[in-house]
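Just so we're on the same page: letters track the sequence lines, and every chain starts at 1.
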Amino acid sequence: MASLNVRSAAGGLALALLAAGALAAGLSGAAGAKDRQAHMKALGAAAKALGEQMHAGAPDKAAVKLQSDRIEAAAKALPTWFPPGSGPESGVKTRALPAIWRDAPGFAAAGQRFAQQAAKLGAAADAGDLAAVGGQMSAVGGACKGCHDKFRGPETK
Amino acid sequence: MTEGRASSDQPVHGPAAARRSMLLWDLPTRIVHWLIALLAPFSWWSASHDHLPWHRLSGYTVLGLLVFRLIWGFAGGGGARFAGFLRGPREVLAYLRGRRAAFLGHNPLGGWSVAAMLAALVLQVGLGLFSVDEDGLEAGPLARFVTFAAGRAIARIHHLTFWLLVGLVALHLAAIGFYELRGARITLPMITGRALLAEGSSPPRPARLASFLLAAAVALAVAWFVAHGLRLRPGTAI
């Protein structure tokens with residue numbers, strides 16, 4: 001049996017590691033929340049830019065493809081933006097609802113729908129088919145809304 | 001206070017001398033007033049029920065009405081002209097102190113409240129033109145000139161200035177109620193255009209048809225051009 005001093009030191013070390021781990025998890029939860037918010041804002045900016053192209057008299061096909069590709073890439077990466085601990089418990093002011101982690105299958109399904117619609121958007125943009133892009137934008141918007149209605153809370157004051 | 005109650009036509013402010021019924025608010029002024037009275041609540045309703053295309057259409061219409069009204073304030077019938085109802089601080093103070101001079105149309109306080117409401121409407125519409133919603137899917141027609149972040153900030157301000165408008169409209173309704181209860185008939189003249197004006201006072205000069213046509217054309221052009229994002233090569237309206 002180790003001496004009392006060694007046992008105390010081991011216990012202290014274990015506690016310190018535990019505390020450091022909890023702190024790191026909290027910090028990474030907060031970092032995860034902040035990263036997600038930055039990603040979502042970039043996604044909003046891409047949607048805005050794409051909408052502006054579609055209302056233009058002569059849409060720029062390269063710009064349409066650029067923004068559509070951004071949306072498609074974001075949709076693929078979206079499941080990685082919700083690490084455990086990055087919800088309201090992270091301490092960050094986030095609109096992500098606990099349902100995201102409690103109803104993981106439902107959330108994953110909503111994310112899948114978004115990825116599918118975004119992929120079609122990307123394909124239409126690659127083909128240079130502006131009419132299809134326009135049509136797909138409403139489908140993508142519907143997918144955004146479908147997830148937000150269930151998994152995003154109201155604007156925090 | 002010496003307003004009389006006539007059995008037929010509606011008395012307005014002023015000494016109870018003999019009065020004649022005259023056209024005070026011309027038709028364009030009245031149409032602008034009542035359309036805005038309808039469209040402002042409709043704009044609120046359409047936004048809060050997520051009917052953004054209706055909201056934008058309502059906003060473009062209010063924009064056109066405001067452009068028209070601003071021109072009409074200089075070129076319209078006498079009752080509509082800003083020079084006719086925007087009075088200096090001395091007259092406003094005299095009115096507040098209870099001195100009731102005879103005047104045509106808005107009293108000094110009322111005149112400035114009209115200016116305040118028009119300014120608040122211009123602000124609200126102006127901010128809306130650059131607003132972007134939280135998902136970047138809905139935006140005003142001029143949001144293409146600002147970043148997503150700026151458009152979001154403007155949208156938040158647009159939501160705040162809404163309350164300024166609510167406050168001014170509430171004051172407006174309260175004031176009208178107050179005056180009506182004291183016997184000053186001012187609501188019906190804003191519908192019929194006619195009011196009892198003191199004998200000897202000249203009725204407001206009517207506007208020329210050419211002024212109306214020009215003001216309407218400018219208002220329509222501005223609203224159309226803005227709705228199409230001020231694009232030199234316009235695509236679809238936003």
Discussion item. For a quick test of reading the model, state the closest non-hydrogen atom pair linking B:R231 to A:E52 and the distance between them.
Written reply: NH2-O, 3.1 Å
Practice prompt. Answer yes or no: is there an ion pair linking A:K145 with B:E138, defined by an N-O contact shorter than 4.0 Å?
Written response: no
Item to complete: Give, for atom NZ of A:K48 and atom CZ of B:R152, the distance between the pair rounded to the nearest 0.5 Å.
Response: 12.0 Å
Worksheet item: Does atom CH2 of B:W54 have more than 12 heavy-atom neighbours, drawn from other residues, nucleotides or ligands, at distances under 6.0 Å?
Response: no
Item to complete: Go through A:A56, A:A58, A:A46 and name the one with the most non-hydrogen pairs under 4.5 angstrom from chain B.
Response: A:A56
Item to complete: Heavy-atom distances under 4.5 Å only: say whether A:M40 touches chain B with side chain, backbone, both or neither.
Response: neither
Discussion item. Report which part of B:A143 has an atom under 4.5 Å of a heavy atom belonging to chain A: side chain, backbone, both, or neither.
Written reply: both
Worksheet item: Looking only at heavy atoms, what is the nearest atom pair of B:D135 and A:A47, with distance?
Response: O-CB, 3.7 Å
Worksheet item: Given that the side chain runs from C-beta out, which part of B:R144 has a heavy atom under 4.5 Å from chain A: side chain, backbone, both or neither?
Response: both
Worksheet item: Is any side-chain heavy atom of A:E155 closer than 4.5 Å to a side-chain heavy atom of B:R156?
Response: yes
Worksheet item: If you count heavy-atom pairs under 4.5 Å with chain B, which of A:G57, A:A49, A:A42 comes out on top?
Response: A:G57
